[in-house]
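So the structure is just underneath, and the comments pick up after that.
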Amino acid sequence: MPKQQLLPSSEYRILVLGDKAVGKTSLIARYVRNEFPYQKRLHINSDNSTIYQTIIDGTDYTFIFCDISTISEFEKLKLSDTIPTACLILFSITDEKSFTQLNFFYETIRLKFSNQSLHVPILIVANKIDLEHDRAVKQESIDKLKSSGFDVYDISIKGNVGIGDVIYTAVKHLQYDILEKVKPDTVCACIIT
Ligand SMILES: Nc1nc2c(ncn2[C@@H]2O[C@H](COP(=O)(O)OP(=O)(O)OP(=O)(O)O)[C@@H](O)[C@H]2O)c(=O)[nH]1
């Protein structure tokens with residue numbers, strides 16, 4: 001009997017949002033090209049998206065990264081729920097305002113996706129941890145977010161620390177949500193031989 005794999009879609013959209021200069025473009029450039037600092041716009045399509053194919057745990061993936069600098073860009077985004085979508089909201093530990101903006105981004109995303117049939121995971125990313133000496137956001141404030149149940153990841157794009165973990169976690173969240181959605185009754189997520 002032919003092998004049939006009933007696994008989640010391998011195409012994922014990853015929206016990267018956050019205040020000015022928190023490292024949104026740098027994150028995509030680092031992940032896709034291992035480039036830091038990035039060469040201006042070299043890798044960005046005209047719609048500010050970057051398509052990247054990779055293999056994770058032996059499976060092929062296509063990621064569509066969308067670099068969103070302003071809320072008006074975000075609101076203009078045409079989204080369908082055919083492509084599973086995760087959101088990364090970045091802030092910089094050296095910029096208190098970028099931290100206080102988190103709530104605004106979080107709520108805007110939740111509203112935008114309120115009609116989506118699939119749950120959209122939102123991960124919060126604390127960037128520039130290499131700049132500990134310039135820290136403006138207290139660690140206790142970040143710990144408080146974590147203990148309230150938010151997924152918060154500490155990264156340094158410059159130091160190439162933690163980026164792979166963030167993307168990996170986003171994808172695993174998406175797969176889990178898709179499997180939960182298709183799980184009931186007759187459909188099982190398994191390999192039929
Ligand atoms: N030290 C340090 N600098 C970083 C890090 N990540 C990004 N930067 C720097 O922060 C600045 C802003 O990075 P960008 O990637 O342009 O930030 P952005 O969020 O895309 O900015 P906008 O497009 O203006 O919204 C650049 O000078 C980066 O080189 C990091 O982890 N550590």
Side-chain angles (χ1 to χ4, degrees), residues 12-54 62-79 83 85-113 120-143 145-146 150-171 173:
Y12 296 112
R13 188 189 290 108
I14 300 182
L15 307 184
V16 185
L17 300 98
D19 210 4
K20 290 264 165 229
V22 291
K24 300 178 293 294
T25 313
S26 300
L27 182 142
I28 299 167
R30 176 60 107 178
Y31 186 71
V32 169
R33 303 171 65 99
N34 198 16
E35 195 177 275
F36 185 91
Y38 63 87
Q39 294 171 33
K40 204 98 184 133
R41 302 228 157 245
L42 203 63
H43 57 289
I44 305 260
N45 297 329
S46 56
D47 64 349
N48 268 11
S49 70
T50 303
I51 296 175
Y52 179 62
Q53 289 175 320
T54 189
T62 301
F63 293 132
I64 306 164
F65 287 102
C66 300
D67 184 341
I68 298 161
S69 289
T70 63
I71 284 296
S72 64
E73 271 174 35
F74 179 61
E75 275 159 359
K76 273 189 242 148
L77 266 186
K78 290 194 174 57
L79 297 168
I83 302 178
T85 298
C87 297
L88 312 180
I89 313 178
L90 269 67
F91 70 95
S92 165
I93 66 154
T94 64
D95 177 357
E96 182 146 27
K97 181 175 152 275
S98 72
F99 184 72
T100 56
Q101 288 276 310
L102 285 180
N103 196 36
F104 172 68
F105 281 107
Y106 197 88
E107 285 310 313
T108 309
I109 291 167
R110 272 169 32 111
L111 273 179
K112 174 103 177 167
F113 289 106
V120 175
I122 303 174
L123 278 58
I124 295 172
V125 182
N127 187 30
K128 307 196 187 181
I129 58 167
D130 57 289
L131 296 178
E132 184 60 38
H133 52 284
D134 281 334
R135 176 183 279 278
V137 180
K138 287 192 189 123
Q139 187 57 48
E140 303 90 81
S141 310
I142 300 175
D143 291 343
L145 262 188
K146 290 181 185 171
F150 289 91
D151 275 332
V152 187
Y153 297 85
D154 299 321
I155 69 164
S156 165
I157 299 167
K158 181 177 184 182
N160 207 2
V161 174
I163 300 155
D165 288 348
V166 171
I167 306 295
Y168 186 84
T169 308
V171 169
H173 269 292

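Whatever order the structure lists ligands and atoms in, that order sets their numbers, starting from 1.
Salt bridge absent: K76 and E73 never bring a charged side-chain N and a carboxylate O closer than 4.0 Å.
A donor-acceptor pair is defined here as one N or O able to donate and one able to accept, closer than 3.5 Å; such a pair exists between the side chain of T85 and the backbone of I83. Under the 3.5 Å distance criterion, the side-chain polar atoms of D95 are left unmatched by any main-chain donor or acceptor of V22. For the pair K112 (side chain) and F74 (backbone), a donor-acceptor distance under 3.5 Å is present. Side-chain atoms of S98 come within 3.5 Å of backbone N or O of S92 as a donor-acceptor pair. No donor-acceptor pair closer than 3.5 Å links the side chain of K24 to the backbone N or O of L90. Looking only at distances, no side-chain donor or acceptor of D134 sits under 3.5 Å from a matching main-chain atom of T94.
For the ring-ring contact (aromatic ring centres under 6.0 Å, His included) with Y106, the lone residue among F150, F99, F113 that qualifies is F150.
In summary, the atoms of ligand 1 found under 4.0 Å from a heavy atom of S156, numbered by their order in the structure, are 31 (O). Using a 4.0 Å cut-off to heavy atoms of D130, the atoms of ligand 1 that qualify are 1 (N), 2 (C), 30 (C), 31 (O), 32 (N). Those atoms of ligand 1 with a heavy atom of L131 less than 4.0 angstrom away are 1 (N). For ligand 1, the atoms sitting less than 4.0 Å from at least one non-hydrogen atom of K20 are 24 (O), 25 (O), numbered in the order shown with element in parentheses. Shown in contact with S26 at under 4.0 Å from a heavy atom are these atoms of ligand 1, numbered in order with element: 7 (C), 13 (O), 14 (P), 15 (O), 28 (C).
Separation of the F105 and F91 ring centroids does not fall under the 6.0 Å cut-off.
For ligand 1, the polar-atom distance check finds an N/O of V22 within less than 3.5 Å of one of the ligand's N/O atoms. Residue-to-ligand polar distances keep D67 apart from ligand 1: every N/O pair is separated by 3.5 Å or more. Considering backbone and side-chain atoms alike, K128 places an N or O below 3.5 Å from some N or O of ligand 1. Looking at ligand 1, you won't find any N or O of G159 less than 3.5 Å from one of its N or O atoms.
Residue T25 touches ligand 1 through backbone and side chain together, judged by heavy-atom distances below 4.0 Å. Within the 4.0 Å heavy-atom criterion, both parts of I157, backbone and side chain, lie near ligand 1. Of the heavy atoms in N127, only side-chain atoms (C-beta onward) come closer than 4.0 Å to ligand 1.
The closest non-hydrogen atom to atom 24 (O) of ligand 1, taken over A29, A21, S98, comes from A21.
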